Every structure is written in C-alpha cells, then in structure tokens.
Enquirer: 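Got a structure for you, questions after.
Just so it is clear, the structure is predicted and the values come from calculations on it, not from any experiment.
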Amino acid sequence: MKGSGSEGLRVAVVTGGGRGIGRGIVLELAAAGFSTVVNYRADAEAAAACRDQAESLGAPRALAIQADAADLDDGRRLVDEVLDAFGRIDVWVNNAGVAPESRLDLLDTTPQSWDRVTSTNLRGPFFLTQTVARRMIELVERGVVSNPQVVFITSISSNTASVQRGEYCAAKAGLSMVAQLFAVRLAEYGIQVHEIRPGLIETDMTRPVHDAYAARIASGLSPIRRWGTPADVGKAVVALVSGGFPFTTGQVLNVDGGLNLRRL
C-alpha cells in the first residue's frame, strides 16, 4: 500500500459515484473534507466531472476509478486500487444499482431481468462488502484507521411493494438484510454499518416516471411535498459517518420526505 501523503486524511469510496444519488453523496462528502473515490462502471466523462467538482468543493484528494461493482474480480481490484492510492478506507458507500430495463407486471417478470437486477443490486454489494470488511478489519488491527464505516443505499422499495418492478424490490429487500448481517458481524471491530433508504429522488433513473410521480407528490403522496435530491441523500450519509452516532449500528435512515409514515 502506498498511501503517500494520505496520512490523517479520511477516505470515502462511493460505488456508482459518477451520477445521480452517487454523485450527490460524493459531493457532500467532499464538502465535509473527505478524500473521495468516484467509482464508475461505464461513464468516464461523468465520473471525471464529479471528481473535479469534488476537488473544487474541498476534497483533499479525489480519484475516479473504473470498476464494475457487480463483478467480483473488478470489486477486488477496486479495493486494491483505493488502498494503493491512499493506504486506508474510512467510509465505503454501496450505492451502485440498476433499475429494470422495462417495468413489467410481476406476472411477466423475466429470469433475465431478475438476474441482471439482483446481480448488481444484491449479489455484487454483498461480496464487495465482504472484501471491504476484511480489509477494514486489517486496517483497524494495524491502527491505520479507527471506526471505519459502511453505508448501504437501499430504497423505500425494501419494504414498499411495486408490482411493476418486483425484481428491484426483492433485491433491495435482500440488501437491507445484508446491511443488518454486516452490522452484527463487524461491530466487534468497531466498524459501524448504516442503511439509508431513499424515497422518490429526482435522478436519471426516475426520469421515465417523473411526471406521474410529480403529480402524486403535489397531491400529498409524501408529507414533504417535493422530490428528493441526490444532495438530500448525501447530507444523510455525511451526518452518519461524521462521528455523531457512536453508539448506533444497523439502523435505517429513511430519506423519503415522510413517505414511510403510516397515515389515516
């Protein structure tokens, strides 16, 4: 591990960090003083723009690293490259995810769509976090970092049924349990694990349903009557990883404008 000149800097990695919610998280972490790693799968231009903006906001260092977070070998390479560059990982944010290519009724969901969505949204982050956890434990035991943290970005779809994208809901529900499992397993090492469940966030992923949901939001679908933004999610991540919750792990923070609230 090189890590030259990185001693004392807090390093945060965001998978799928070049666009959408991931970009919002990267920029808020940068503004909070974290060195940031923008992981991306395909859009190098967006990742580079995010990296540059992170530096302009105050990140001591910012890197863009290409890797498919759903691919086990690529995931291990990503972790190795971060450690080669910085010598440490303080925060790991599992954000990368995909929506179904087509919204299909539950009775028409295909095995191909199921495999694509669950591979990226569930299988990938499980095994990537396994790799990250092992390296974090080593860093803790060597005294390189203290209290590293893992954040899972799930969705209100973890517990809100949407029958036109069942594979997405199932994957996010599974990821919520993954967060619980790692919270229990890693607590003895002082590694906190958090889950953030965004609601209706205005991104490229929600653009196809924007008009339909905008009307529902305006009529009171959520108590806070506006779309969420990537920055809203980023601010929640910063709040959790900045040391203000030392006796908390495995909890869920809903960033959804109150959509989760039961109302009469």
Enquirer: Rounded to the nearest 0.5 Å, what's the gap from CD1 on Ile191 to OG on Ser146? Could you check?
Expert: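 Reported value, rounded in 0.5 Å steps: 11.0 Å.
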Enquirer: Looking at residues at least two apart in the chain, or sitting in another chain, which of them share a salt bridge (charged side-chain N to carboxylate O under 4.0 Å, His left out) with Glu195?
Expert: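 Counting only residues at least two positions away or on another chain, Glu195 forms a salt bridge (charged side-chain N to carboxylate O under 4.0 Å, His left out) with Arg197.
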Enquirer: Could I get the full list of salt bridge (charged side-chain N to carboxylate O under 4.0 Å, His left out) partners for Glu202, not counting sequence neighbours?
Expert: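 With sequence neighbours excluded, Glu202 shows a salt bridge (charged side-chain N to carboxylate O under 4.0 Å, His left out) to no residue whatsoever.
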Enquirer: List in chain and number order the residues that pass side chain to side chain donor-acceptor pair (under 3.5 Å) with Asn159, two or more places apart in sequence or in another chain; answer none if no residue qualifies.
Expert: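 Asn159 satisfies side chain to side chain donor-acceptor pair (under 3.5 Å) with no residue once adjacent residues are dropped.
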Enquirer: Check whether any side-chain heavy atom of Leu107 lies under 4.5 Å from a side-chain heavy atom of Val163, and answer yes or no.
Expert: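 Leu107 vs Val163: side chains apart.
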Enquirer: With a 3.5 Å distance limit and no angle check, can you tell me whether Ser222 reaches the backbone of Leu259 through a side-chain donor-acceptor pair?
Expert: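 Checking the backbone N and O of Leu259 against the side chain of Ser222, no donor-acceptor pair under 3.5 Å is found.
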Enquirer: Can you name the closest pair of heavy atoms from Val144 and Gly87 and give their distance?
Expert: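 Result for this residue pair: CG1-O, 3.6 Å.
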Enquirer: Return the set of residues passing side chain to side chain donor-acceptor pair (under 3.5 Å) with Thr229 (not counting sequence neighbours), or none when no residue passes.
Expert: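 Per chain and number, Thr229 pairs via side chain to side chain donor-acceptor pair (under 3.5 Å) with Asp232.
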Enquirer: Distance from Met136 atom CE to Phe182 atom CZ, nearest 0.5 Å?
Expert: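 Nearest 0.5 Å value for the CE-CZ distance: 11.0 Å.
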Enquirer: Quick one: does any side-chain atom of Asn39 pair with a main-chain N or O of Ala67 as donor and acceptor, under 3.5 Å?
Expert: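 Flag set: sc Asn39 to bb Ala67 pair under 3.5 Å.
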Enquirer: Would you say Val140 and Val145 make side-chain contact, with heavy atoms under 4.5 Å?
Expert: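 The answer is yes, as the side chains (C-beta and beyond) meet within the 4.5 Å cut-off.
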Enquirer: Donor-acceptor pair, Ser35 side chain versus Ala62 backbone, under 3.5 Å?
Expert: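 The answer is no, because no donor-acceptor pair under 3.5 Å joins these two groups.
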Enquirer: Please list all pairs meeting side-chain hydrogen bond (donor to acceptor under 3.5 Å, both in side chains) that have one or both residues in residues 179-193, counting only residues at least two apart or in different chains.
Expert: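 Only Asn147-Gln192, Arg185-Glu188 qualify under side-chain hydrogen bond (donor to acceptor under 3.5 Å, both in side chains).
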Enquirer: Can you check whether Asp68's main-chain N or O pairs, donor with acceptor, with Asp74's side chain at less than 3.5 Å?
Expert: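 Side chain of Asp74 to backbone of Asp68: a pair is present.
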Enquirer: Output all residues satisfying side chain to side chain contact (heavy atoms under 4.5 Å, CB included) with Ala171, sequence neighbours left out; order by chain, then residue number.
Expert: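 Here the qualifying residues are Val117, Thr118, Asn121, Leu122.
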Enquirer: How would you list, by chain and number, every residue that makes a side chain to side chain donor-acceptor pair (under 3.5 Å) with Asp71, sequence neighbours excluded?
Expert: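 Not a single residue meets the side chain to side chain donor-acceptor pair (under 3.5 Å) criterion with Asp71.
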Enquirer: How long is the straight-line distance from CZ of Phe152 back to CE of Met177, given to the nearest 0.5 Å?
Expert: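 Met177 atom CE to Phe152 atom CZ measures 12.0 Å (nearest 0.5 Å).
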Enquirer: Got Val132 and Val13 here, is their nearest side-chain heavy-atom distance under 4.5 Å?
Expert: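 Val132 vs Val13: side chains apart.
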Enquirer: How many angstroms lie between CD in Gln164 and CG in Asp105, if you round to the nearest 0.5 Å?
Expert: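 Gln164 CD to Asp105 CG: 7.0 Å, rounded to 0.5 Å.
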Enquirer: Please enumerate all residues that pass salt bridge (charged side-chain N to carboxylate O under 4.0 Å, His left out) together with Asp115, with sequence neighbours excluded.
Expert: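 In terms of salt bridge (charged side-chain N to carboxylate O under 4.0 Å, His left out), with neighbours along the sequence ignored, Asp115 is linked to no residue.
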Enquirer: Strictly distance-based, threshold 3.5 Å: is any side-chain N or O of Thr206 a donor or acceptor partner for the main-chain N or O of Thr203?
Expert: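 Indeed, once roles are kept as given, a pair shorter than 3.5 Å links the two residues.
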Enquirer: CZ of Arg41: more than 12 outside heavy atoms within 6.0 angstrom?
Expert: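 No - once you tally the heavy atoms of other residues, nucleotides and ligands closer than 6.0 Å, there are 12 at most.
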Enquirer: Do Thr120 side-chain atoms and Gly97 backbone N/O form a donor-acceptor pair below 3.5 Å?
Expert: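 Such a contact is absent between Thr120 side chain and Gly97 backbone.
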Enquirer: State, with a plain yes or no, whether a side-chain heavy atom of Cys50 is found less than 4.5 Å away from one of Arg23.
Expert: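 SC-SC contact between Cys50 and Arg23 confirmed.
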Enquirer: Name all pairs fulfilling the ring-ring contact (aromatic ring centres under 6.0 Å, His included) condition that reach into residues 198-240, sequence neighbours left out, sorted by first residue then second.
Expert: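 Residue pairs with at least one partner in residues 198-240: His210-Trp227.
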Enquirer: Side-chain donor-acceptor pairs under 3.5 Å in residues 124-131, sequence neighbours left out?
Expert:
residue : atom : partner : partner atom : Å
Thr129  : OG1  : Asn94   : ND2          : 2.8
Thr129  : OG1  : Pro125  : O            : 2.7
Thr131  : OG1  : Phe127  : O            : 3.4

Enquirer: Are Ile201 and Pro230 side-chain neighbours, meaning at least one heavy-atom pair lies under 4.5 Å?
Expert: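 Result yes, sub-4.5 Å side-chain heavy-atom pair found.
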Enquirer: Are more than 12 heavy atoms from other residues, nucleotides or ligands located less than 6.0 Å from atom CD1 of Ile224?
Expert: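 Atom CD1 in Ile224 is not crowded, with 12 or fewer foreign heavy atoms closer than 6.0 Å.
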Enquirer: Are the charged groups of Arg77 and Asp80 less than 4.0 angstrom apart, N to O?
Expert: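 Salt bridge between Arg77 and Asp80, a charged N being under 4.0 Å from a carboxylate O: no.
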Enquirer: In the structure I gave you, are the side-chain heavy atoms of Ile153 and Ile25 within less than 4.5 Å of one another anywhere?
Expert: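 A side-chain contact under 4.5 Å exists here.
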Enquirer: To the closest 0.5 Å, what do you measure between CZ (Arg88) and CG (Asp90)?
Expert: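 With rounding to 0.5 Å, CZ (Arg88) is 4.0 Å from CG (Asp90).
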Enquirer: Nearest 0.5 Å, what's the CG-CZ distance between Asp204 and Arg19?
Expert: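 Reported value, rounded in 0.5 Å steps: 4.5 Å.
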Enquirer: With Arg51, which residues qualify under side chain to side chain donor-acceptor pair (under 3.5 Å), at least two apart?
Expert: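 Not a single residue meets the side chain to side chain donor-acceptor pair (under 3.5 Å) criterion with Arg51.
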Enquirer: Kindly say whether Leu104 contributes a backbone atom to a donor-acceptor pair with the side chain of Ser102 at under 3.5 angstrom?
Expert: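 Not at all, since once roles are kept as given, no pair shorter than 3.5 Å links the two residues.
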Enquirer: With no hydrogens and no angle check, is any side-chain donor or acceptor of Thr160 less than 3.5 Å from a backbone partner on Ser157?
Expert: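 No, the answer is negative, given that no donor and acceptor are paired below the 3.5 Å cut-off.
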Enquirer: Name all pairs fulfilling the ring-ring contact (aromatic ring centres under 6.0 Å, His included) condition that reach into residues 47-71, sequence neighbours left out, sorted by first residue then second.
Expert: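 Residue pairs with at least one partner in residues 47-71: there are none.
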